[in-house]
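Just below is one structure, and these are the notes that go with it.
Reminder, nothing fancy here: chain letters follow the sequence lines and each chain counts from 1.
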Amino acid sequence: MSSAARRPQLPAGFFDKDVETVARALIGITLLIDGVGGIIVETEAYDEDDPASHSFRGPTARNASMFGPPGHAYVYRSHGIHWCLNFVSRAVSGVLIRALEPTAGLDAMASRRATGEIRRLSAGPGRLCQALGIDKRLDGRSLAQPPFELSGGDQTVRITAGPRIGISRAIDTPWRFCLEGSRFLSRPAPRMSDG
DNA sequence: GAGGCGATTGGCT
DNA sequence: GCCAATCGCCTCG
């Protein structure tokens, strides 16, 4: 393994923290699935006592992964059509991965998405999963094992926070986090309300 | 068991 | 901006 260009892996215990901390820490991290992916630029946090979270009304077959150990994936189907990827953190929680800046395997992403428009390859949770080939098979899988590869986090990034998107409960909780200035967000950045 | 709704997206008015 | 697509889960009866 070449050393210089290799990004550092995430430290042990990265996901064993409260969900808001993890959601913020994930901004700027590189996510690859079988070598395809990019830099995480947008996340949302969903906590245990959060009325907007799938876990709010207790465990079901769908949300079982959220009740499992940190550092695993929770993948669910949205609106019967799309897949959405979450990272489980401490306790019953999940970080929704909403957008990536594509950096690796752009050909594969464009092929799966049937578009060459880079800015829309993985801007949005459903688009991201389509571009990276994510589906139910990855639900419950460890993020420390292939096909997942997470790295980076060595550099400081500026983050903006705002309300989460597309929910009807707890709509004012500012748990959507974005990389400041990114052109690869699913929606316009929230008004700068955070550092 | 029936009816409604959703952490979305793409296409049309 | 509005709405359909499509299916698993929730609520109510």
Task: Side-chain N,O (A/H54) to OP1/OP2 (B/dA7) below 4.0 Å - done: yes

- [ ] Please say whether more than 12 non-hydrogen atoms of neighbouring residues, nucleotides or ligands are located less than 6.0 Å from CZ in A/R187.
- [x] no

Task: Nearest to side-chain heavy atoms of A/H79, which nucleotide of B/dA7, B/dG6, C/dC10 - done: B/dG6

Task: Sugar-phosphate, base or nothing in reach of A/S186, heavy atoms under 4.0 Å - done: nothing

TODO: Taking only the side-chain nitrogens and oxygens of A/R176, find out if one of them lies under 4.0 Å from OP1 or OP2 of B/dA7.
DONE: no

Open item on the list: Measure CG/A/L128 against C1'/B/dA7 and give the value in whole Å, please.
Closed with: 13 Å

TODO: Please determine if a side-chain N or O atom of A/S78 lies less than 4.0 Å away from the OP1 or OP2 oxygen of B/dT9.
DONE: no

Task: Stacking check A/Y46 vs B/dA7 (5.5 Å / 30 deg) - done: yes

Task: Rounded interatomic separation in angstrom, taking CZ from A/R169 and P from C/dT11 - done: 8 Å

Task: Any donor-acceptor N/O pair, A/E42 side chain to A/S186 backbone, under 3.5 Å - done: yes

TODO: Would you tell me if any nitrogen or oxygen in the side chain of A/R113 comes within less than 4.0 Å of OP1 or OP2 on B/dG10?
DONE: yes

Open item on the list: Could you check whether A/R164 makes a cation-pi contact with A/Y46, meaning its NZ or CZ is under 6.0 Å from the centre of the six-membered ring and within 45° of the ring axis?
Closed with: yes

Task: Working for ring-ring contact (aromatic ring centres under 6.0 Å, His included), residues A/H54 and A/Y76 - done: CA-CA 10 Å; A/H54 289 168; A/Y76 72 92; 4.5 Å; yes

Open item on the list: By the 4.0 Å heavy-atom rule, please label A/R164 as base, sugar-phosphate, or nothing.
Closed with: nothing

TODO: Please lay out, stage by stage, how A/R113 and A/Q130 fare under the test side chain to side chain donor-acceptor pair (under 3.5 Å).
DONE: CA-CA 6 Å; A/R113 290 270 303 130; A/Q130 186 179 23; 2.8 Å; yes

Task: Whole-Å gap separating P (B/dG10) and CD (A/Q130) - done: 7 Å

Open item on the list: Can you identify which nucleotide, out of C/dC10, B/dT9, B/dA7, has its nearest atom closest to the A/P125 side chain?
Closed with: B/dT9

TODO: Verify the contact: side-chain N or O of A/R77 to OP1 or OP2 of C/dC9, cut-off strictly under 4.0 Å; return yes or no.
DONE: no

TODO: Could you state the atom-to-atom distance from OH of A/Y76 to P of B/dA7 in whole Å?
DONE: 6 Å

Task: Touch class at under 4.0 angstrom, heavy-atom based, for A/N63 against every strand present - done: nothing

- [ ] Starting at atom NE2 of A/H82, determine the distance to atom C1' of B/dC5, rounded to an integer number of angstrom.
- [x] 15 Å

Open item on the list: Need the pair for C/dA4. Rule: Watson-Crick or G-U wobble, both distances under 3.5 Å, any strand; none if unpaired.
Closed with: B/dT9

TODO: Determine the Euclidean distance between corresponding C1' atoms of B/dG10 and C/dG8; express it in Å to zero decimal places.
DONE: 22 Å

Open item on the list: Measure CE/A/M66 against P/C/dG8 and give the value in whole Å, please.
Closed with: 19 Å

Task: Value in whole Å for how far the P atom of B/dT8 lies from CZ of A/R187 - done: 7 Å

Task: A/I134 CD1 - B/dT8 C1' separation (whole Å) - done: 15 Å

Task: A/I167 or A/R120, whichever maps to the more 5' nucleotide of DNA chain B - done: A/I167

- [ ] Pick base, sugar-phosphate or nothing for A/I81, based on heavy-atom distances below 4.0 Å to the nucleic acid.
- [x] base

TODO: Measure from the side-chain N and O atoms of A/H72 to the backbone N and O of A/V88, and report whether any donor-acceptor pair falls under 3.5 Å.
DONE: no

